[in-house]
Amino acid sequence: MKVIITGASGGLGRAFACECACRGYDLLLTDMNEKLLEDIKQGIQKQFKNIQVLSFCCDIVVEGQVDKLCEFAIKNNFSPNILLNIAGIDFEGSFEHLSCENARRIVDVNINGTMLITHKVLDIRDKNNKFYIMFVSSFASKQPMPLKATYAASKRYLLDFSLALGEELKEKNIYTMALCPSGMPTNDGCIELIKAQGFWGRATTVKLNDVTRKSLDYMFKGRKTYVPGLANKFIEFLLFFTPPKLAARYVYKRWHKSQEKLEIQ
């Protein structure tokens, strides 16, 4: 198996890279942070001697850079069987206090960049075997989210896009899955936010290693979506019967309290 992983220098991206390496998959890692990308590449190479590990610094929002990434893959005879769309971005705070630049960046990376690299990688995939695409959506995609409105809407796009694309391409042996995790301790900022949410923050948090392992297993089994964690599955069930307006009202109260604790506007 050959895997392209975007956002490979982030916590979830690194976790997926390690899980894929443990399974003996060859890797092409990409991210904007060249130094971290090189560090991760070298670390995996030292630990796993029998796999190919390539890296290419790339901003997935820029078409020319994505084209160069694909050219790099072709040059190295890297025809992927899997694309893991991990790259994503968020900025905390209300929409009113979010700069236009940051709001656009959320949409550019989470939606436009993910769409662009998916479209390009379809052209260089291994066409003789099954091809899998994972989209990292979010549990935020399951309901309107005041105080995270732009981010949640971008993740809802990925959820719907994954479901639609999977139906569209299944006759070509291409399969998609949307991963919809809740809180994950991927960096210090995420950990602080989880703590600020109190009980529900702890209850809905999931372990990175469990998420990566089960996500790949479910994707290969043909699962269309995956929500990690029993608490999150229970909340998803409740949301099915909850009007979006009421869900938004509850989410606002919860996140408003959390952001007040962290002094986020």
Side-chain angles (χ1 to χ4, degrees), residues 11-12 15-16 19 84-86 88 90 92 94-95 106 110-111 114 132-170 175-186 190-261:
L12 185 59
F16 266 111
E19 177 63 30
L84 301 181
N85 282 309
I86 314 298
D90 188 22
E92 293 298 332
S94 66
F95 182 75
I106 291 172
N110 295 0
I111 296 178
T114 301
Y132 298 91
I133 308 172
M134 184 184 297
F135 295 92
V136 175
S137 178
S138 169
F139 195 70
S141 68
K142 297 293 183 175
Q143 71 277 307
M145 285 201 68
L147 303 179
K148 292 179 78 71
T150 307
Y151 172 79
S154 71
K155 292 299 186 177
R156 179 70 194 190
Y157 177 95
L158 292 182
L159 173 58
D160 289 347
F161 183 66
S162 175
L163 291 169
L165 193 65
E167 189 65 26
E168 183 178 327
L169 297 177
K170 66 181 181 180
Y175 305 90
T176 66
M177 188 185 82
L179 169 62
C180 303
S182 186
M184 292 184 292
T186 53
C190 291
I191 293 171
E192 287 300 314
L193 194 56
I194 289 169
K195 290 179 179 178
Q197 294 177 64
F199 169 77
W200 283 113
R202 296 189 300 273
T204 57
T205 298
V206 290
K207 296 180 180 179
L208 280 176
N209 291 341
D210 288 344
V211 171
T212 54
R213 175 175 51 83
K214 291 180 180 179
S215 295
L216 291 172
D217 289 344
Y218 286 139
M219 181 178 70
F220 294 140
K221 290 177 181 178
R223 180 82 70 90
K224 298 301 182 183
T225 62
Y226 171 44
V227 175
L230 290 175
N232 296 315
K233 289 182 175 68
F234 177 68
I235 295 171
E236 181 186 28
F237 173 77
L238 294 179
L239 285 170
F240 183 80
F241 302 98
T242 306
K245 183 178 179 179
L246 291 181
R249 186 177 301 168
Y250 170 77
V251 168
Y252 174 76
K253 289 180 180 179
R254 176 182 162 188
W255 279 95
H256 183 63
K257 290 179 180 179
S258 300
Q259 293 190 354
E260 274 188 334
K261 290 180 182 179

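Being a predicted model, the structure only gives us computed values, none of them experimental.
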For this session: Could you go through the side chain to side chain contact (heavy atoms under 4.5 Å, CB included) check for L158 and T114 one step at a time?
Result: CA-CA 8 Å; L158 292 182; T114 301; 3.8 Å; yes
For this session: Using a 4.5 Å cut-off on heavy atoms from C-beta on, say whether the side chain of D90 contacts that of K148.
Result: yes
Exercise. Below 4.5 Å, heavy atoms only, C-beta onward: do Y175 and I133 meet side chain to side chain?
Worked result: no
Taking all non-hydrogen atoms of both residues, which atom of [X] and which atom of [Y] are closest, and how far apart?
X    : Y    : result
A247 : T242 : N-CG2, 3.9 Å
A15  : L208 : CB-CB, 4.3 Å
P228 : N232 : O-ND2, 2.9 Å
L159 : A178 : CD1-CB, 3.7 Å

Which residues satisfy the side chain to side chain donor-acceptor pair (under 3.5 Å) test with [X], sequence neighbours excluded?
X    : value
Q143 : none
S137 : S141
D210 : R213
S215 : none

For this session: State which residues pass salt bridge (charged side-chain N to carboxylate O under 4.0 Å, His left out) with E168; sequence neighbours excluded, sorted by chain then number.
Result: none
Exercise. What do you reckon, is CG of L230 surrounded by more than 12 foreign heavy atoms closer than 6.0 Å?
Worked result: no
Problem set entry | Backbone N/O of N209 and side chain of T212: donor-acceptor pair under 3.5 Å | yes
Problem set entry | Donor-acceptor contact present, side-chain S154 to main-chain I111, <3.5 Å | no
Can you pull out every salt bridge (charged side-chain N to carboxylate O under 4.0 Å, His left out) where at least one residue sits in [range]? Sequence neighbours excluded, please.
range            : answer
residues 240-251 : none
residues 150-161 : R156-D160
residues 228-237 : K142-E236

Exercise. For the atom pair CG (L163) and CZ (F135), what is the distance rounded to the nearest 0.5 Å?
Worked result: 10.0 Å
Problem set entry | Those residues that, when tested against F237, pass ring pair (Phe, Tyr, Trp, His ring centres under 6.0 Å) (two or more places apart) | F241
Problem set entry | Stepwise side chain to side chain contact (heavy atoms under 4.5 Å, CB included) test for F95 and L147 | CA-CA 7 Å; F95 182 75; L147 303 179; over 6 Å; no
Atom pairs and distances, donor-acceptor, side-chain atoms in residues 216-227, under 3.5 Å, two or more places apart:
| unit_1 | atom_1 | unit_2 | atom_2 | d |
| --- | --- | --- | --- | --- |
| D217 | OD1 | R23 | NH1 | 3.1 |
| D217 | OD1 | R23 | NH2 | 3.0 |

Exercise. Applying ring pair (Phe, Tyr, Trp, His ring centres under 6.0 Å), which residue pairs with at least one partner in residues 137-160 are found, sequence neighbours left out?
Worked result: Y157-F161
Problem set entry | Residues in side-chain contact (heavy atoms from CB on, under 4.5 Å) contact with A164, at least two apart in sequence or another chain | none
